[in-house]
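Let me begin by presenting the structure, written as structure tokens, before commenting on it.
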Amino acid sequence: MVKRYIFHIDANSAFLSWEAVHRLQHNDPLDLRTVPAVVGGDPTRRHGIVLAKSIPAKEFKIITGETLYAARQKCPELLIVPPNYSLYRQCSDAMVEIFKEFSPLVQRFSVDECFLDFSGMESVANDPVKIAHELKNRVRNELGFTVNVGISTNKLLAKMAGELKKPDMVHTLFPEEIPTKMWPLPIGELFMVGRATSQKLLSRGIRTIGELANYDLGLIKQFLKSQGVLIWNYANGIDYSPVRPGGDFAVKGMGNSTTIPFDVEDRYNAHLVLLSLSESVSARLRQAKVLAGLIAVSFRTTEFYNFSHQRKLYNPTDCTDEIWKITCQLFDEIWNKQPLRHMGLRVSELCQNDFQQVALFTRDYNKQRQADRAVDLIRSKYGPSAICRSSFLYSGLRSISGGVIENEEFPLMTSLL
DNA sequence: TCTGGGGTCCTAGGACCC
DNA sequence: TCTGGGGTCCTAGGACCC
């Protein structure tokens, strides 16, 4: 019987490496990867966190997610470059094209990670490590950045293998290697064990993946419920999830959120931010040809308290004005005049828009739909800023908020394997 | 903490129904 | 109602991922 081999591949320090390669290609003599550098947002717009770091930056103990201020404290000469999401998308696509030459079964797990399934492929069965090196070297030689390849018999173990040592490495983590390679690792290194779960496990004296693996499953289940069963299985290398080629499963919802450069303290500006979010979310709905059946609004106060409020719709919609109106209602129902730093809009319970029900008892949105289509067309032709509502002029706000992803045929992230 | 933005899934509690 | 239990739906919040 031919063994089932799964590869997990992820780009090392993806955003930073891609930026570095891009600069080299444009005749910048400096390779960002060789100096302490990070990709990060603009602190004056309150977007100041580390999104990716170089290896020299890592040596200053700079971690992803911390503030640029804290990072600069650790390393005053730190180089900070802004993110460039359309570049990341291009690099990701180029990487996937190479993977597809190795296996038809490629699952995009995120912008910088893929799973490849080599089930029953003789060429790989004989020497998967050799194939992995070929793959890794092709990316490095043709695209200029390095990847890690993890090899095993399921996705969880392949992913854990890829994390072992970076960069530019190939690792195996077969079931028989679990006790030596995976069990000694700290519990927080296990996929799906984050900060909160780590703390709970530590309070029970579970410090390593091996200690979790050998803990009584019944007890774990008692205090961590289904999440406990999941991570106990992971700790024992158990995972039966299939490699799903990108695009064959539907997106469940979509949303945009934004940290506003200034505190929002009045209803008018709050509604304006919600309008900019409604513009982007509803345009994405129309592009995906789906209607939203549920609308949720959320916000974060300057004190960092989070609130959310949602409502199911009797008549699913993709109409900008209708979504904006409902979003504002939801917002008004829970907002207590706290100053806000962050606002979000998310829609879910999506359904196909090909037989949209005529809303008999609500106002007719046909004119709005036609206007939405016209605006979409203008923006697709002349760019997102070609047309905007006059209320945004001089407001200090963007007329469309949220990452505009041109071509969403794969979900950026699925938290479960 | 001078703390981003895009997702998914799970859980607890309340409403409602039989 | 001085009320039982179970099922389902809805909502808010929290956990995790990159």
Side-chain angles (χ1 to χ4, degrees), chain A residues 8 10-11 13-15 38-52 63-73 82-83 85 88-89 92 108-114 155-156 159 162-163 188-201 223-231 234 241 249-261 277 280-281 284 293-313 330 333-334 341-350 401-405 408 410-417:
Chain A
H8 172 265
D10 81 307
S13 318
F15 290 2
V38 297
V39 175
D42 178 358
T44 67
R45 300 189 66 244
R46 309 204 285 195
H47 285 62
I49 67 161
V50 174
L51 297 165
I63 54 174
T64 302
E66 79 179 328
T67 59
L68 294 177
Y69 177 84
R72 262 214 200 86
Q73 298 284 96
Y85 294 100
Y88 307 155
R89 174 66 196 218
S92 178
R108 262 178 128 136
F109 190 60
S110 73
V111 72
D112 68 337
E113 280 181 59
C114 286
K155 287 161 73 177
L156 181 274
K159 182 161 169 60
E163 306 286 326
E189 305 270 305
L190 184 62
F191 181 66
M192 290 303 286
V193 176
R195 214 180 52 191
T197 311
S198 279
Q199 283 307 312
K200 289 183 197 167
L201 292 169
F223 82 103
L224 291 178
K225 309 285 185 312
S226 64
Q227 167 87 355
V229 179
L230 181 80
I231 60 173
Y234 284 176
S241 63
F249 52 106
V251 189
K252 303 275 169 57
M254 45 181 79
N256 285 119
S257 64
T258 185
T259 295
I260 309 132
L277 294 166
S280 54
V281 170
R284 290 170 66 192
L294 183 113
I295 296 182
V297 67
S298 63
F299 57 76
R300 175 177 298 152
T301 67
T302 51
E303 319 252 68
F304 270 81
Y305 290 109
N306 298 315
F307 296 86
S308 70
H309 194 38
Q310 66 184 54
R311 181 165 301 146
K312 268 196 83 146
L313 308 183
L330 287 165
E333 283 167 17
I334 54 163
R341 69 138 40 214
H342 179 101
M343 301 181 78
L345 166 60
R346 157 154 283 277
V347 296
S348 53
E349 305 206 357
L350 307 180
S401 297
V404 180
I405 300 164
E408 302 186 54
F410 75 97
L412 271 184
M413 178 59 206
T414 47
S415 71
L416 288 179
L417 295 178

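Keep in mind that the numbers below use all heavy atoms, side chains included, and drop hydrogens, waters and symmetry copies.
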Check your understanding: Quick one: does A:Thr259's side chain have a donor or acceptor within less than 3.5 Å of a partner on A:His47's backbone?
Key -> no
Point to revise | Given B:dG5, B:dG4, B:dC2, the nucleotide with the shortest approach to the side chain of A:Tyr69 | key: B:dC2
Check your understanding: Roughly how many Å is it from CD1 in A:Ile63 to P in B:dT3, rounded to a whole number?
Key -> 15 Å
Review point. Which is true for A:Gly194 with a 4.0 Å heavy-atom rule: it touches a base, it touches only sugar-phosphate, or it touches nothing?
Key: sugar-phosphate
Exercise for review: Identify whether any heavy atom of A:Lys200 sits under 4.0 Å from a base atom; if not, whether one sits that close to sugar-phosphate; answer base, sugar-phosphate or nothing.
Suggested key: nothing
Exercise for review: Please measure how far the C1' atom in C:dC17 lies from the corresponding atom in B:dC2, and state the result in whole Å.
Suggested key: 26 Å
Point to revise | Heavy-atom side-chain contact between A:His309 and A:Glu333 under 4.5 Å | key: yes
Point to revise | Sugar-phosphate only, base, or nothing, as touched by A:Glu113 at under 4.0 Å among non-hydrogen atoms | key: sugar-phosphate
**Study point:** d(CG, A:Leu294; P, C:dC10) in whole Å
**Key:** 9 Å
Review point. So what does A:Gly255 hit on the nucleic acid, given a heavy-atom distance under 4.0 Å: a base, only sugar-phosphate, or nothing?
Key: sugar-phosphate
Revision key, fill the gap. Separation between OG1 (A:Thr301) and CG (A:Asn306), nearest 0.5 Å, reads 7.5 Å
Exercise for review: Measure the shortest side-chain to side-chain distance between A:Ile231 and A:Leu201 over non-hydrogen atoms and say whether it is less than 4.5 angstrom.
Suggested key: yes
Check your understanding: Under a 3.5 Å cut-off on both pairing distances, which runs of 3 or more consecutive Watson-Crick or G-U pairs involve DNA chain C?
Key -> B:5-18 with C:5-18
Revision key, fill the gap. The residue, A:Glu303 or A:Gly253, whose nearest nucleotide of DNA chain B is more 5′ is A:Glu303
Exercise for review: Classify the side-chain pair A:Arg346/A:Ser308 by whether it contains a donor and acceptor separated by less than 3.5 Å.
Suggested key: no
Review point. Could you give the CG-to-C1' distance, from A:Leu190 to C:dC16, as a whole number of Å?
Key: 12 Å
Review point. Which nucleotide, B:dT3, C:dA15, C:dC17, lies nearest any side-chain atom of A:Arg341?
Key: B:dT3
Study note, to complete from the structure: Sorted by position of nearest nucleotide on DNA chain B, 5' first, the leading residue of A:Arg46 and A:Arg346 is A:Arg46
Check your understanding: Rounded to whole angstrom units, what separation is found between the CG atom of A:Asn306 and the P atom of B:dG4?
Key -> 11 Å
Under 3.5 Å, N/O pairs linking protein and nucleotides 11-14 of chain B:
residue, atom, partner, partner atom, Å
B:dT11, OP1, A:Ser226, N, 3.3
B:dT11, OP1, A:Ser226, OG, 3.0

Check your understanding: Which listed nucleotide (B:dT1, C:dC16, B:dG4) is nearest to the side chain of A:Thr67?
Key -> B:dT1
Point to revise | Between P of C:dC16 and CG of A:Leu230, the distance in whole Å | key: 12 Å
**Study point:** Side chain of A:Ala196 - closest among B:dG5, B:dG4, C:dC16
**Key:** C:dC16
Practice item. Give a yes/no on whether any side-chain N or O of A:Lys252 is located under 4.0 angstrom from OP1 or OP2 of B:dT8. Key: no
Practice item. Figure out the NE2/P separation between A:His342 and B:dT1, and round it to whole Å. Key: 19 Å
Exercise for review: Please state whether the rings of A:Tyr85 and A:Phe15 are parallel, tilted or perpendicular, taking 30° and 60° as the class boundaries.
Suggested key: perpendicular
Practice item. For the side chain of A:Asp112, starting at C-beta, report the closest nucleotide among C:dC18, B:dG4, C:dC17. Key: C:dC18
Check your understanding: Contact class for A:Leu51 vs. all strands (heavy atom < 4.0 Å): base, sugar-phosphate, or nothing?
Key -> base
**Study point:** Neighbour count >12 (heavy atoms, 6.0 Å) for atom CZ, A:Arg46
**Key:** yes
Study note, to complete from the structure: Closest of B:dG6, C:dC16, B:dG4 to the A:Asn256 side chain is B:dG6
Review point. Between atom OH in A:Tyr85 and atom P in B:dG5, what is the gap in whole Å?
Key: 8 Å
Practice item. Would you indicate whether the side-chain heavy atoms of A:Leu68 and A:Val50 approach each other to under 4.5 Å? Key: yes
Revision key, fill the gap. Taking C:dC18, B:dG4, C:dC16 as options, the one with an atom nearest any side-chain atom of A:Phe304 is B:dG4
Review point. Minimum heavy-atom separation for A:Ser92 to A:Val111, with atom names?
Key: OG-O, 2.7 Å
Point to revise | Phosphate contact (B:dG5 OP1 or OP2) by A:Thr258 side-chain N/O below 4.0 Å | key: yes
Check your understanding: Under 3.5 Å, side chain of A:Gln227 to main-chain N/O of A:Met192, donor-acceptor pair present?
Key -> yes
Review point. Is A:Thr259 near enough to B:dT3 that one of its side-chain N or O atoms lies under 4.0 angstrom from OP1 or OP2?
Key: no
Exercise for review: Let me know the distance between CG of A:Asp42 and C1' of B:dC2, rounded to the nearest Å.
Suggested key: 13 Å
Practice item. Report yes if some heavy atom in the side chain of A:Val347 is under 4.5 Å from a heavy atom in the side chain of A:Met254; otherwise report no. Key: yes
Practice item. Just call it for A:Arg300: base, sugar-phosphate, or nothing, with non-hydrogen atoms closer than 4.0 Å on any strand. Key: sugar-phosphate
